[in-house]
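Here's the structure, in structure tokens; my notes come after.
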There are 2 protein chains.
Amino acid sequence: MSLRHAVLGLLAEAPASGYDLMKLFNASLSSVWPATQSQVYGELTKLTTAGLVEVAAHGPRGRKEYAITDDGMAELRHWLTEVEPSGPQRHAGVLRVFFLGVVTPLEAQTYLLHQAERAARTRATLEHIEETAEWDEEMISVYGRIALEYGLRMSATQEEWARWAADEVTSAKARKASELARAQHEEGRQSPEE
Amino acid sequence: MSLRHAVLGLLAEAPASGYDLMKLFNASLSSVWPATQSQVYGELTKLTTAGLVEVAAHGPRGRKEYAITDDGMAELRHWLTEVEPSGPQRHAGVLRVFFLGVVTPLEAQTYLLHQAERAARTRATLEHIEETAEWDEEMISVYGRIALEYGLRMSATQEEWARWAADEVTSAKARKASELARAQHEEGRQSPEE
DNA sequence: GCACGCATGTAATTGGTTACATGATTGC
DNA sequence: GCAATCATGTAACCAATTACATGCGTGC
């Protein structure tokens, strides 16, 4: 149930409307916890009935500005400190690797190098964010930077791994080819005798 | 729709029953694409009606042994080579980092060091698998090792990052404390004059 | 004969995605 | 007046989780 806590976390910084929250999700949380508009609005009504947030102000165009309640803050703190982060980790990119044996080594390498480039691109995007963002001296930016650093390190590791993996495929291919050659050589020695 | 392809991928290696597939999911795919029993059985019937797999043999206890069809292999190859790996990446562990500002720096550090230990534990588990697994000379094991290496590198990076992050919190705390001290010093110089 | 493992399935619920639907305000 | 942006919501669908339900076969 992390969407709930993502919303609480954003509202802990400042009151916001559903519309504002969507912008925040798209701007800063999209890569770690994407959410759709329906989800956010739905969660806000659920959180309101649960008493974890409240409508603090009504604005123009039916705007409802939500604020976190004391119960909401307690729940957020509880989640941060006492609940083990879990939830199954699905990783479609690595899943494919398991099955790369069904395509040719060349196709497998193409896939892996493609992955490397993808990782490089996300790394470049994150570096751009790091350079352009103004890191004011708030506590909040400390943790923003830490999260960003996570992305930077992970994408770097991913790129290195993918390039290494592509190399591995090459050497496995070579190994297999030399084995095959040796087998044919043996066969060649035997066949005239038959 | 990766569950579908995970099932196809496993059946590409060898025919299997739903029960067999569950064992394979729990043994080798649990960390990249966990699946429940209901999901696997459901997917198998869907795949059968779609003509991507077929019941190759009936065994005791109503056992149905499924085999991949030509259409299924084509679909698997297509997914591997022509479909961009995507699907939103959710990461509850990093999501929390964004909100660590709402708890004390000490609690934040505790959380981060906890994360480091978790990463170290998964790394240890993977190393154990690497040592105990018999890496036969099949092509399949080449890709199995590559996937394992991904896990090893990622958990190592994650551990390093978490330790670094905990340090960052320390220095941010120190920075803030010294600023506060300076502010109080300034105040101390001014207050007698007021 | 009984326990354990093999083997298959269904039902209810939650979380997430896509698409649709509607309307108010502001700035040009 | 009109376009862009602000703003909220619903409905249908798909994917995944949990829990339940059932029964056959093998080995002790």
Between [X] ([atom1]) and [N] ([atom2]), how many Å, whole number?
{"X": "M1(A)", "N": "dT14(C)", "atom1": "CE", "atom2": "P", "result": "10 Å"}
{"X": "K46(A)", "N": "dG9(D)", "atom1": "NZ", "atom2": "P", "result": "14 Å"}
{"X": "E43(B)", "N": "dT17(D)", "atom1": "CD", "atom2": "P", "result": "13 Å"}
{"X": "L44(B)", "N": "dA16(D)", "atom1": "CG", "atom2": "C1'", "result": "16 Å"}

Out of [options], whichever nucleotide has its closest atom nearest the side chain of [X]:
{"X": "Q37(A)", "options": "dA19(D), dG9(D), dA7(C)", "value": "dG9(D)"}
{"X": "L3(B)", "options": "dT8(D), dT25(C), dA16(D)", "value": "dA16(D)"}
{"X": "Y19(A)", "options": "dA7(D), dT17(C), dA15(D)", "value": "dA7(D)"}
{"X": "R61(B)", "options": "dT8(D), dG5(C), dT17(C)", "value": "dG5(C)"}
{"X": "Y66(A)", "options": "dA16(D), dC6(D), dG9(D)", "value": "dG9(D)"}
{"X": "K64(A)", "options": "dA7(D), dG9(D), dT18(D)", "value": "dG9(D)"}

Inset, instruction - Decide yes or no, distance alone: a donor-acceptor N/O pair under 3.5 angstrom between the base of dT17(C) and the side-chain of Q39(A). - result: no
Taking donor-acceptor contacts at under 3.5 Å, does the side chain of S38(B) reach the base of dT18(D)? yes
Ignoring backbone atoms, establish whether [X] has a side-chain N or O less than 4.0 Å from OP1 or OP2 of [N].
{"X": "R63(B)", "N": "dA7(C)", "value": "yes"}
{"X": "K23(A)", "N": "dT5(D)", "value": "no"}
{"X": "Y41(B)", "N": "dT8(C)", "value": "yes"}

### Query
How is R4(B) classified with respect to the nucleic acid when contacts are heavy atoms under 4.0 Å: base, sugar-phosphate, or nothing?
nothing
Pair [X] + [Y]: basic N to acidic O under 4.0 Å:
{"X": "R145(B)", "Y": "E168(A)", "answer": "yes"}
{"X": "R175(A)", "Y": "E179(A)", "answer": "no"}
{"X": "R182(A)", "Y": "E186(A)", "answer": "no"}

Are F98(A) and Y143(B) packed together at the side-chain level, in the sense that at least one heavy-atom pair is separated by less than 4.5 angstrom?
no
Checklist entry - Looking at W79(B), does the NZ or CZ of R4(B) lie under 6.0 angstrom from its six-membered ring centre and within 45 degrees of the ring axis? => result no
